[in-house]
Protein chains: 2
Amino acid sequence: MHSSAQHLQSVVRRQIVTGSREPGARISEVALAAEFDVSRTPARTALASLEAEGLIEKREGRGYTIRSISKADISNAIAVRAALESLAAKTLAETGMSDEVEATLLSSISTTESILESDTPVQELLDGYHAANVIFHEAIMLKCGNDLIAHTFERIAMLPLAKLGSLVFDTTNPRRERMRLMVGHSQHVILLDALRQRDGARAEAMMREHSHATLNYADLFVRKVYENGTRTTGGGKS
Amino acid sequence: MHSSAQHLQSVVRRQIVTGSREPGARISEVALAAEFDVSRTPARTALASLEAEGLIEKREGRGYTIRSISKADISNAIAVRAALESLAAKTLAETGMSDEVEATLLSSISTTESILESDTPVQELLDGYHAANVIFHEAIMLKCGNDLIAHTFERIAMLPLAKLGSLVFDTTNPRRERMRLMVGHSQHVILLDALRQRDGARAEAMMREHSHATLNYADLFVRKVYENGTRTTGGGKS
DNA sequence: TCGCTCAAAAATGGATACAAAAAGAGGCTG
DNA sequence: CAGCCTCTTTTTGTATCCATTTTTGAGCGA
């Protein structure tokens with residue numbers, strides 16, 4: 001089922017977000033085609049798609065170059081995601097969520113609650129929370145009633161750290177991580193309550209705060225990464 | 001300098017937004033290629049780009065279909081645009097605008113002010129205001145310091161009525177139109193003031209209100225269009 | 001030694017040919 | 001008469017070839 005072009009796109013995307021491909025490096029159709037032993041056609045398709053995702057840039061007549069992600073890019077991506085997500089929360093609250101969405105959110109919250117209450121090791125804690133977190137946020141973004149939000153989000157989702165799947169963790173400080181996750185969990189609870197009461201303003205404000213926390217944390221994290229080289233976990237399933 | 005693919009994309013885009021192409025109709029690569037007497041390669045590129053813009057949808061194994069734009073789609077697009085634009089205003093206020101941006105905004109405001117004070121005919125009034133309005137909003141969106149906002153906006157800008165160039169006017173009621181434009185102008189003035197004072201919260205709130213007015217008006221307009229068939233002006237330069 | 005020009009090589013955009021897969025229509029069989 | 005199977009047509013995905021444009025490098029001249 002995977003066409004050659006989609007396979008290329010997937011592989012190169014992973015190479016870019018994991019840093020296998022140096023930012024600023026150039027990719028040409030011919031080079032990519034030769035590297036994967038396919039013709040230029042799927043290579044061209046893949047590069048066009050990656051450009052639409054914002055991972056590479058097209059230089060007129062000079063091929064594509066890997067975008068180098070700066071601290072500002074990360075902050076920008078989180079800010080945009082926060083704006084979209086708070087709009088989604090507001091919309092969903094005002095239009096009312098379906099029983100299905102409510103069940104999904106509730107299930108996610110139950111999961112994170114039981115995970116946080118248990119005494120699991122850090123890595124397992126992070127993975128479990130991460131999975132439930134993705135479910136929670138995707139349910140809101142994708143089922144909020146404004147399809148354009150989901151559409152827009154998917155277009156920019158591949159930018160590192162903006163993607164839901166790219167939440168960053170500082171495994172060197174388990175206690176603090178656990179606390180941070182508990183705060184996030186409590187915000188999920190409040191969000192669900194606001195959605196149930198169809199309180200658009202409250203849902204919007206809560207989601208905004210929730211995203212803002214992520215931004216603050218990412219900012220701190222980025223500073224560490226750029227200065228000390230701290231590692232990340234909770235990686236990039238697409 | 002326009003490549004064949006870009007030309008196709010531009011033409012078909014116009015056909016779609018002007019309604020030349022029936023919503024729901026199918027477009028295949030071969031049909032499009034034959035129609036414009038080009039090969040399938042640029043046709044494929046153009047269709048892929050149009051799909052990224054959200055104007056057409058890809059049905060697996062069944063070609064592309066023209067998306068039919070509903071009232072909800074228009075509201076959704078305006079809501080997303082409002083969220084992005086208020087974020088842009090906030091960002092620009094907090095980071096501080098360059099002298100160049102300030103000059104642009106001031107120039108736009110001067111233009112709309114002189115237009116509104118003069119006694120020009122309706123059509124000329126609308127065209128003049130429209131042009132200045134586009135300059136004002138684009139200056140904020142594109143120069144706010146968050147390039148992802150501009151990038152994101154460009155990806156969704158083609159949805160009818162969400163595009164800056166697609167502001168709608170009800171030419172059957174000139175007095176009311178003039179009043180509406182004056183309100184918009186006054187909001188521009190306030191926005192510039194907030195930006196100058198680097199008051200992010202005020203700039204954000206004002207832009208939100210400004211966009212909200214557009215949404216309300218568009219909602220009213222859409223109702224008319226769908227029920228009475230009122231016409232539009234101020235049309236779609238791309 | 002520096003700069004200019006011209007040529008060659010490479011890269012992109014477009015055209016076409018080929019294969020595979022899927023949808024539709026029509027006939028065949030139970 | 002209905003359901004299924006098959007053949008045809010349509011459509012997509014991929015490979016390759018051609019042309020145009022750009023870049024780079026070498027050589028020559030001042």
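In what follows, every chain begins at residue 1, and chains take the letters A, B, ... in the order their sequences are listed. Given the structure is predicted, the values throughout are model-derived calculations rather than measurements.
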Listing, residues 39-47 of chain A side-chain donor-acceptor contacts under 3.5 Å, not counting sequence neighbours, or none:
{"residue": "A:Ser39", "atom": "OG", "partner": "A:Thr41", "partner atom": "N", "Å": "3.3"}
{"residue": "A:Arg40", "atom": "NE", "partner": "A:Glu29", "partner atom": "OE1", "Å": "3.0"}
{"residue": "A:Arg40", "atom": "NH2", "partner": "A:Glu29", "partner atom": "OE1", "Å": "2.9"}
{"residue": "A:Thr45", "atom": "OG1", "partner": "A:Thr41", "partner atom": "O", "Å": "3.1"}

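One atom, CG of A:Leu32, and another, P of C:dA10, lie 18 Å apart when rounded to the nearest Å.
Partners of B:Thr95 according to the side chain to side chain contact (heavy atoms under 4.5 Å, CB included) rule, which considers only residues two or more places apart in sequence or in another chain, are B:Thr91. Here A:Glu102 pairs with A:Arg196 under the salt bridge (charged side-chain N to carboxylate O under 4.0 Å, His left out) rule; sequence neighbours left out. A:Ala103 is linked by a side chain to side chain contact (heavy atoms under 4.5 Å, CB included) to nothing, counting only residues two or more places apart in sequence or in another chain. With sequence neighbours left out, B:Ser68 forms a side chain to side chain contact (heavy atoms under 4.5 Å, CB included) with B:Pro23.
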Quick one, give me the B/S/- string for nucleotides 7-17 of chain D, reading 5' to 3', where B means a protein heavy atom under 4.0 Å from the base and S means that only happens at the primed atoms, P, OP1 or OP2. ----SBBBBBB
